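The structure appears below as structure tokens.
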Protein chains: 2
Amino acid sequence: MNQYQAEQMFIDYFSQLGGGFTADSFASLGVSAQLCYYDKGEYLIEQGCAAPKLFFLATGLVRYVSVSPTGKAFTQSFAQAPSLAGSTRAMVGQTPALFSIEVLEPVICLVFDWAEFFSQMKNQPGFLESYCALLEALFIGKEERENSFVQLSAEQRYLQFIDQYPHLLPRIPLQFIASYIGVTPVALSRVRKKLQLSGSD
Amino acid sequence: MNQYQAEQMFIDYFSQLGGGFTADSFASLGVSAQLCYYDKGEYLIEQGCAAPKLFFLATGLVRYVSVSPTGKAFTQSFAQAPSLAGSTRAMVGQTPALFSIEVLEPVICLVFDWAEFFSQMKNQPGFLESYCALLEALFIGKEERENSFVQLSAEQRYLQFIDQYPHLLPRIPLQFIASYIGVTPVALSRVRKKLQLSGSD
DNA sequence: GTTACCACTTAACCTGGGTTAATTACTGCG
DNA sequence: CGCAGTAATTAACCCAGGTTAAGTGGTAAC
């Protein structure tokens with residue numbers, strides 16, 4: 001994976017969001033990106049710190065995790081390549097990030113300075129529409145997740161997770177799934193036991 | 001409140017989002033809006049139905065409420081004028097709305113057809129940036145709410161509500177606040193009793 | 001091999017909040 | 001005025017999920 005390939009993936013990713021964004025090359029956009037590598041266990045951004053960078057994951061898998069004042073970790077989401085990653089809040093509001101981004105599988109990514117990236121890209125025809133489409137999708141996702149937390153039991157949220165991310169299930173430790181669906185690993189273990197007792201699959 | 005005044009409020013509202021959107025009049029935008037009135041108890045959109053309209057509330061107060069399959073109502077948010085209202089998901093995805101918008105205090109609003117509105121407005125300089133800013137704010141709000149549900153107790157969520165919306169507290173029935181913070185009215189009543197016993201304010 | 005370190009499970013106990021239902025306002029209405 | 005109908009409180013009971021702690025693999029380092 002070289003920089004050129006990553007940039008091509010990025011352009012493809014953005015084009016398929018809808019919104020009519022197209023581009024031949026990064027050079028023509030006038031944005032500069034740095035190709036970076038992160039190993040499992042490293043962090044792209046850290047909770048409490050400034051996080052003005054936008055990441056485009058060409059390979060790898062990460063999770064967004066926030067730790068409460070009482071020390072409990074909560075996984076807000078997973079993101080697997082190809083995907084953008086970063087804290088919208090920290091980028092646009094220039095406030096400290098409310099979560100860390102932890103690498104679960106080795107990441108190769110492009111790193112942009114958000115302010116520079118946005119000021120360049122907003123003049124590209126179709127970019128803002130694509131970005132809006134992306135934001136809409138993010139928002140809708142959060143809305144659905146909000147509903148899950150309020151209206152579903154831990155068991156139902158686990159089944160929903162399996163349904164939505166079957167490919168992630170074998171790749172991430174159960175404790176992370178537990179922290180994603182908002183229960184303790186102990187509780188998730190109970191749920192799994194109960195499920196394998198009833199349905200025998 | 002006449003249509004002209006409402007349109008002026010709308011333009012002001014959009015201008016102050018940031019993003020550089022400005023306009024002299026609706027006429028110059030080429031978008032058509034209908035001025036509508038809704039009484040307390042009526043609905044702007046209804047769960048399960050198509051909801052291709054965007055509302056701009058010039059006066060009034062509404063809540064977004066969804067009812068689960070088991071019949072439990074959950075208040076996703078409140079919106080008071082001046083504010084936009086509508087289901088992003090239903091507008092952009094042309095799917096049925098996942099919630100209803102219920103009028104709590106009489107509403108005077110402008111009603112737009114989203115598809116028409118967006119196709120006209122996206123060509124206005126600065127509009128897309130303002131719309132992005134709006135979406136970012138919505139997304140960040142949901143993210144914070146997600147955190148509250150996972151990391152705070154019912155009591156803490158209630159205190160947070162009072163802190164965030166002190167002006168709404170005396171205006172809406174307790175049961176709606178309960179359904180907003182994700183507990184039953186009975187549980188909220190317990191919380192309030194406990195609070196007035198400890199701190200005497 | 002053995003020691004150490006994880007991830008995961010299981011059991012025992014506890015608690016926050018749900019459920020049901022009775023009681024007490026508060027309101028508008030005939 | 002009395003009588004609905006609705007909102008809020010309170011009490012009694014219940015349960016999903018948290019907490020603590022002990023047990024069971026699995027694997028990497030020595």
Side-chain angles (χ1 to χ4, degrees), chain A residues 39-41 61 63 65 67-75 78 102-105 146-162 168-198 200, chain B residues 39-42 61 63 65 67-75 78 102-106 146-162 168-198 200:
Chain A
D39 262 341
K40 178 176 174 177
L61 175 66
R63 69 167 181 147
V65 56
V67 178
S68 75
T70 60
K72 293 174 195 173
F74 168 59
T75 299
F78 298 99
E102 178 187 347
V103 175
L104 303 182
E105 293 176 6
E146 174 187 51
N147 265 288
S148 299
F149 274 116
V150 177
Q151 299 190 334
L152 302 182
S153 66
E155 179 179 330
Q156 290 171 313
R157 293 201 300 278
Y158 176 62
L159 290 172
Q160 186 180 265
F161 174 85
I162 294 176
L168 291 186
L169 189 55
R171 287 159 63 188
I172 40 188
L174 272 192
Q175 51 178 320
F176 292 169
I177 298 177
S179 99
Y180 177 75
I181 66 177
V183 298
T184 59
V186 178
L188 180 55
S189 192
R190 271 194 293 246
V191 166
R192 300 181 87 216
K193 186 182 184 184
K194 186 185 156 205
L195 288 174
Q196 77 192 45
L197 287 182
S198 49
S200 52
Chain B
D39 263 339
K40 178 176 173 176
E42 294 185 318
L61 175 67
R63 69 168 180 145
V65 57
V67 178
S68 75
T70 59
K72 293 174 196 176
F74 168 60
T75 299
F78 298 99
E102 178 187 347
V103 176
L104 304 182
E105 293 176 7
E146 174 187 51
N147 265 288
S148 299
F149 274 116
V150 176
Q151 298 190 334
L152 303 183
S153 65
E155 179 179 330
Q156 290 171 312
R157 294 202 299 277
Y158 177 60
L159 291 171
Q160 184 179 266
F161 174 84
I162 294 177
L168 290 186
L169 188 56
R171 287 160 62 188
I172 43 187
L174 272 191
Q175 52 177 321
F176 291 170
I177 298 177
S179 97
Y180 176 74
I181 65 178
V183 298
T184 60
V186 178
L188 180 55
S189 191
R190 272 193 294 246
V191 166
R192 300 182 87 214
K193 186 181 184 184
K194 186 185 158 205
L195 288 175
Q196 75 193 47
L197 287 181
S198 48
S200 54

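From a predicted model like this one, the values you see are computed outputs, not experimental measurements. To find a chain, count down the sequence lines: A is the first, B the second, and so on, and within it residues start at 1.
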Exercise. C:dA7 C1' sits how many Å from A:Lys193 NZ, rounded?
Worked result: 18 Å
Exercise. What's the NZ-P distance between B:Lys194 and D:dT10, to the nearest Å?
Worked result: 15 Å
For this session: May I have the distance from A:Ile172 (atom CD1) to C:dA7 (atom C1'), rounded to whole angstrom?
Result: 14 Å
Seminar exercise, completed: Checking C:dG18, D:dG17, D:dA8 against the side chain of B:Ala187 (C-beta onward), the nearest is C:dG18
For this session: Using atom CD of A:Gln196 as one end and atom P of C:dT9 as the other, report the distance to the nearest whole Å.
Result: 8 Å
Exercise. Choosing from D:dG17, C:dG18, C:dC8, which nucleotide comes nearest the side chain of A:Pro173?
Worked result: C:dC8
Seminar exercise, completed: Closest of C:dT19, D:dT10, D:dG18 to the A:Val183 side chain is D:dG18
Problem set entry | Nucleotide D:dA7, atom P - distance to NZ of B:Lys40 in whole Å | 9 Å
For this session: Please determine if a side-chain N or O atom of A:Ser189 lies less than 4.0 Å away from the OP1 or OP2 oxygen of C:dC8.
Result: no
For this session: For A:Leu195 and A:Glu155, work out which heavy atoms get closest and say how close.
Result: CD2-OE2, 3.5 Å
For this session: Kindly confirm or rule out a cation-pi arrangement of B:Arg63 over B:Tyr180, judged by NZ or CZ under 6.0 Å from the six-membered ring centre and within 45° of its axis?
Result: no
For this session: Please work out if B:Glu155 contacts a base, only the sugar-phosphate, or nothing of the nucleic acid, heavy-atom cut-off 4.0 Å.
Result: nothing
Problem set entry | Value in whole Å for how far the P atom of D:dT10 lies from CZ of B:Arg192 | 10 Å
For this session: Send over the distance from B:Ile181 CD1 to C:dG16 P, rounded to a whole Å.
Result: 15 Å
Exercise. So, the side chain of A:Ser148 versus the backbone of A:Leu152: is there a donor-acceptor pair under 3.5 Å, distance only?
Worked result: no
Problem set entry | Heavy-atom pair of closest approach, residues B:Thr75 and B:Phe176 | OG1-O, 3.8 Å
Problem set entry | Atom of B:Ile162, atom of B:Leu169 and distance for their closest heavy-atom approach | CG1-CD2, 4.0 Å
Exercise. Whole-Å distance between C:dG16 P and B:Leu195 CG?
Worked result: 14 Å
For this session: Compare side-chain N and O positions of B:Ser153 against OP1 and OP2 of C:dG16 and report whether any pair is under 4.0 Å apart.
Result: no
For this session: Tell me whether the OP1 or OP2 atom of D:dG17 has a side-chain N or O from A:Arg190 closer than 4.0 Å.
Result: no
For this session: Could you work out which one of D:dA11, C:dG18, C:dA7 sits closest to the side chain of B:Val186?
Result: D:dA11
